[in-house]
Amino acid sequence: MTTFNPNDIPSRFDFAEAQNRIFQMWESGGYFEGDPESKKPPYTVVIPPPNVTGALHLGHALNNTLQDTLIRMKRMQGFNALWMPGTDHAGIATQAVVERRLKEDEGKTRHDLGREALVERIWKWKEQYETRILGQLKQIGSSCDWKRTRFTLDDVCARAVRHTFFDLFQKSLIYRGKRLVNWDTYLQTTVSDDEVFSQTVKGQFWHFKYPVIDPKPGEPDCVIVATTRPETMLGDTAVAVHPEPDKALDRVASELREKLKKSSDAEKASVEAQLDALAARRELMLPKLEQLRDMASDGRKLLLPLMDREIPLVCDVWAKPELGAGCVKITPAHDPNDYEVAKRCDLPMINIMNRDGTLNVETGVYSGLTMKQARKKVVEDLDAIQLLETVEDREIELPQSDRSKTPIEPYLADQWFVAMGELSQSAIDAVVDGEVSITPKRYERGYLDWLGEKRDWPVSRQLWWGHQIPVWTKACGSEGEVQPLIDAIHALPGFDGTVAAVQLEPCEETDSKKRANLELPFASVHVCVQSGCEDFEKALEELGLTREEDVLDTWFSSALWPHSTLGWPEQTPELACFYPTSTLITSRDIISLWVARMVLMGLNNCGEVPFEKVYIHPKIQDGFGETMSKSKGNGIDPLDVIAKFGADALRFGMAHLCTETQDVRLPVQFECPHCQHSFDQTKKNRILPKVACPSCKKEFSTQWAESEEDKSLEKGAVTSERFETARNFVNKLWNASRFAMLNLEGYEASPISEADLTVEDRWMLSRLTTVSGNVTAYLEDFKYADATRELYEFAWHQFCSFYVEMLKDRFADESKRPHAQRILAYSLDCLLRLLHPVMPFITEEIWQNLANLCPQRGWGEVETVNRCIIDAAWPELDPAWRDEAIENQFALYQAALSDLREIRNSQNIGNKKKVKFSIKCTADIGDLLRPLGVYFSRMANAELIELGPSAEAPETSATRTTAEMEIYVDLDGLIDIEAEVKRLEKEKANLEKSISSKQRQLSNEKFVAAKPDLADEIRTSLLQAESQLSTIAESLQKMIAKL
RNA sequence: GGGCGUUUAGCUCAGUUGGCUAGAGCAUCUCGUUUACACCGAGAGGGUCGGGGGUUCGAGUCCCUCAACGCCCA
């Protein structure tokens, strides 16, 4: 082993070299590992598992920095800390990326490949990206227990998923039902809401007449409905009218009047015209609308043309009296709004579409036509029987599939649901009762509102990548088939309630003729099978049952994450020790999708909430206030930031911007790879494949580079200069430590008696006590920005700028040196510990270097320090060391010093020129300042000549005042009178402003009566200000005389 | 449409229960290489706290209202 020589320490921290080395040391040393057998109290955090779709972005960097900071502090505080890592299979997102790749690279669809081969491909993709993601997390410094890394689709998680599904199925909390989905008729699959985009196209609005059956005298013989999709009329099951047309019209009118008040002159005419039209319409239509409403209440029926089906006239608020004829046709199986109406009014839902988008047998003669063909024919046929009223041109919103670019059809499909009633309530109670707390508290509301709706959770997804639903189904054509089948299942070898559960789903269509027509079964028998019963599954298949093809919503497995990762349903030591976990740190967009579901699943499966605290951190936007994303080109790769600034700077920067607001802005820059010049990203240049550097004019490529030519250019990094502050801070800490180590030669550990502590030592101890207390409290409360601000201010402007500077004089004095060394080592040690959770790498590096010189530290008691800072004890200083009197004493010194420096600057006196000065103050204050007087020389190259009540201003001097002191700098032969006059005048003006404001307050009788203590304080400070003013006025007069 | 949030210096943000001349970092300007650090040191300039109204002795802070921007849910 080579001997450590502080002189070899470079003046910059080589983070690139150190990070990997240090991380490996931690990992191989087992420092990240949680021990289920430990006697220490547990502290657990589960990572929000990143999706395996791609690389991590800055939001992940923020999220994981915050978790790591917390877990590192807890580890140092003596907890048995476990940070559980892993990744999410992210069903739709991942399958979509792989499918897109397949299409682009090989021109194939998933159907060309088949289920097994596609899933295999996705696994390969997952392996590749998971490695990359975990690598990124490690680069950030994440101290996860990596040996425990889980994946939401691995065997352990799969068992938990299956167990949960089985449990819910058995409790009848899982059931199969119908739901409208977005159907892509080209790909023959459902697509999620966020994969649907709307396009405005030119279309027509057709008005049809539906005859009324047996109208009473005075009633119309038909009603008029309008639609943009005539062919859907084949599936109509009702026509709706508004239950309170007058009130509805009133509301529309009052909304228009409100709008009129607010609208500009230009808009007024149009709004007024609308109001007039509405009034006219009311006059003309209201009686008719009310009549229709009465007819509906009276149970009048209509005859659906072409289909000759009787359909009811119903009352529902979905009908808009202000539009068209005021009636709306209801097609429950093919329109989301109509679907809601059907549920409210208990209407039948008729599916008229085959999976390929053609019309099914329900539509009779139209069966087999495409939607487009059917539209033409329906319109022609209605026209032929004089039921087509009018046609108008109109722009319509057409939903399209983002994947196939073909129109989306709303389609009623079989879906599995989780019944949310009881489950939601348990999760509501957990937060209301305070078992789970959400910080910031404002996010509770969204959580509670969402759960309060208690909408059943549709969990099936028509995908191949995910947990396949463990249900085997057989459709029974007749009633007679059902019981024998159930009996046969019960008679299967190994059947009992722990292995399989049976549910019977009767067909919604009760008319046996229609069922036969539509090839619908009488009922479906569903069997849910536990994991590990492959023989039983086979037996079911032999009975003719087939396995459900759909997979589960990816959030189903995510909801189990806090306990599935710990081995549930096995009662593992890990589960016993680390569940419930302590804190969850995540971002607000998945509070309902993920957080709420974890709470209810945790309660259902384990009987305990999954975590005590939830912290919701801000979201990062770019300089334009837009969300960062790869598709916009404004996304920052954390690795680019780490490469340029180092992981510690990334982390410090992240924590530093983590305030209580919900968004933070981070302006984004390109960095030229040729000359390292940084310049702002704009909305224009961020989408270019190559960009020219404005400084060196050379071009570099971006993430958009596709052509060979562009790709051959060097790639420019995308970062943010907002990390510079943090990088500079890292450098400052490095060099302060370097200075310390350069001065620790001959260090010997031994206790210092309290009496030997100097004023500045006491000050440093007091500050350390305050700062460590504050930082601890801030981090416990998730106030990361406050914690880092406090550390930054303390380390830079107190520790470095004052304490270390003062120690320089003491190092120069052999007799004071050993004492100074011990106290410096001690305070640096303490500072490093406080910074470690946020800046783990540099603090570890300095810690180990420092250990070479002073392995034993402490000023009162001496102890040998741990080998690594990662498991060193968190500073807990005796609050008795907090000394306000000493801090005030120091403040006096700092005030005098800054006046001296200001005089030097305003008088333009070079640093090398020594000045002499005096301070006039009370004897008490003089006594306080005296011990620090010697440091004016080092800090301002100024010699204190006189201190106390008898100090006088020299003939030619600059004067400054503070509340407690008057400071005179002897400027014989140096003075710039004009500058001094200017400065004094300004000072005078400031004081006058301050005095008059104080006088105003004191002359306010109500104020003095209400706040006597505060008034006293102001009175005192007024006296001081007046005295300052007279001193300044006097000096000013003297100066003016010299002009 | 409903909910949440933001608006303070050129930029990014602090500002606790209302109280003395509203703070920081970056940027700008001036001066400076002094036994760690130019990724440094010292100092300066820069704000009618989004607009309007109210409560109060007193409002960046509390209430109402308007506006702009952002996010989530429908």
Side-chain angles (χ1 to χ4, degrees), chain A residues 6 9 11-13 193 255 262 336 440 442-443 445-446 449-450 453 587-592 618-619 621 623-627 645-646 649 653 656-657 659-667 680 720-722 724-743 783 785-786 789 792-793 796-797 800-801 804-805 808 811-812 897-898 900-912 938-941 963 983 986 989-998 1000-1011 1013-1015 1017-1022 1024-1025:
Chain A
I9 303 174
S11 71
R12 303 234 173 126
F13 173 45
D193 287 343
E255 278 168 14
K262 292 177 206 163
R442 63 171 178 273
Y443 292 114
R445 185 165 174 164
D449 285 354
W450 185 83
E453 291 181 21
S587 86
R588 67 174 180 278
D589 37 15
I590 50 176
I591 294 174
S592 44
K619 299 210 64 165
Q621 301 174 339
F624 305 105
E626 294 180 22
T627 356
F645 299 104
H656 195 251
L657 56 74
T659 59
E660 268 205 31
T661 52
Q662 56 176 14
D663 301 308
V664 286
R665 283 187 185 199
L666 197 71
D680 284 344
S720 175
E721 60 192 19
R722 293 217 29 215
E724 281 177 12
T725 307
R727 189 261 325 260
N728 295 352
F729 182 56
V730 166
N731 182 249
K732 188 70 181 178
L733 181 70
W734 180 255
N735 277 290
S737 308
R738 187 163 78 107
F739 169 81
M741 289 185 266
L742 288 168
N743 284 282
K783 294 181 173 169
D786 289 319
R789 267 167 227 277
Y792 180 92
E793 164 66 21
W796 199 308
H797 295 113
C800 291
S801 296
V804 169
E805 284 305 311
K808 284 177 181 171
F811 281 131
L897 182 66
S898 91
L900 277 172
R901 285 168 166 175
E902 192 274 317
I903 290 173
R904 289 199 84 104
N905 261 288
S906 65
Q907 287 291 317
N908 204 12
I909 302 166
N911 286 346
K912 288 192 171 155
R938 165 168 295 278
M939 312 280 263
N941 199 13
R983 173 69 209 181
K986 191 184 158 189
N990 280 344
L991 283 164
E992 282 165 347
K993 195 172 146 198
S994 158
I995 286 168
S996 73
S997 124
K998 287 178 213 289
R1000 205 172 333 114
Q1001 269 197 296
L1002 289 173
S1003 65
N1004 181 334
E1005 282 168 29
K1006 285 189 183 170
F1007 168 65
V1008 178
K1011 295 270 180 174
D1013 294 355
L1014 196 55
E1017 271 178 48
I1018 294 178
R1019 216 165 276 129
T1020 312
S1021 74
L1022 175 62
Q1024 284 168 341

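Quick note: numbers below take in every heavy atom, side chains included, and nothing from hydrogens, waters or symmetry partners. Reminder, nothing fancy here: chain letters follow the sequence lines and each chain counts from 1.
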Give me the distances for all protein-to-nucleotides 15-19 of chain B N/O pairs that come in under 3.5 Å?
{"residue": "B:G19", "atom": "N2", "partner": "A:Q1001", "partner atom": "NE2", "Å": "3.2"}

Base, sugar-phosphate, or nothing: which does A:K993 touch, judged by heavy atoms less than 4.0 Å apart? nothing

Its contact letters, B for base, S for sugar-phosphate only and - for none at protein heavy atoms under 4.0 Å, make nucleotides 1-9 of chain B read --SBB----

Check for a donor-acceptor pair, side chain of A:N743 on one end and backbone N or O of A:F811 on the other, with a separation under 3.5 Å. no

Under 4.0 angstrom, heavy atoms only, what part of the nucleic acid is A:T659 near: base, sugar-phosphate, or nothing? sugar-phosphate

Exam field: side chain A:S737 to backbone A:L733, donor-acceptor pair closer than 3.5 Å: yes

If you compare all heavy atoms of A:A736 against all heavy atoms of A:C800, which two are closest, and at what distance to 0.1 Å? CB-SG, 3.5 Å

Stacked cation flag A:K808 on A:F739, 6.0 angstrom / 45 deg: yes

A:S592: side chain to side chain contact (heavy atoms under 4.5 Å, CB included) partners, not counting sequence neighbours: A:W450

Is a side-chain donor or acceptor of A:R904 paired with a backbone partner of A:G910 at a separation under 3.5 angstrom? yes

Using the side chain to side chain contact (heavy atoms under 4.5 Å, CB included) criterion, which residues pair with A:Q907? Sequence neighbours excluded. A:I903, A:I909, A:L971, A:I975, A:D976, A:A979, A:E980

Quick one: what's the B/S/- string for nucleotides 24-43 of chain B, heavy-atom cutoff under 4.0 Å, read 5' to 3'? -S------S-BBBB-BSSBS

Using a 4.0 Å heavy-atom cut-off across all strands, classify A:V730 as base, sugar-phosphate, or nothing. nothing

For RNA chain B, what are the stems built from at least three Watson-Crick or G-U pairs in a row, each pair having both distances below 3.5 Å? B:1-7 with B:67-73, B:10-13 with B:23-26, B:28-32 with B:40-44, B:50-54 with B:62-66

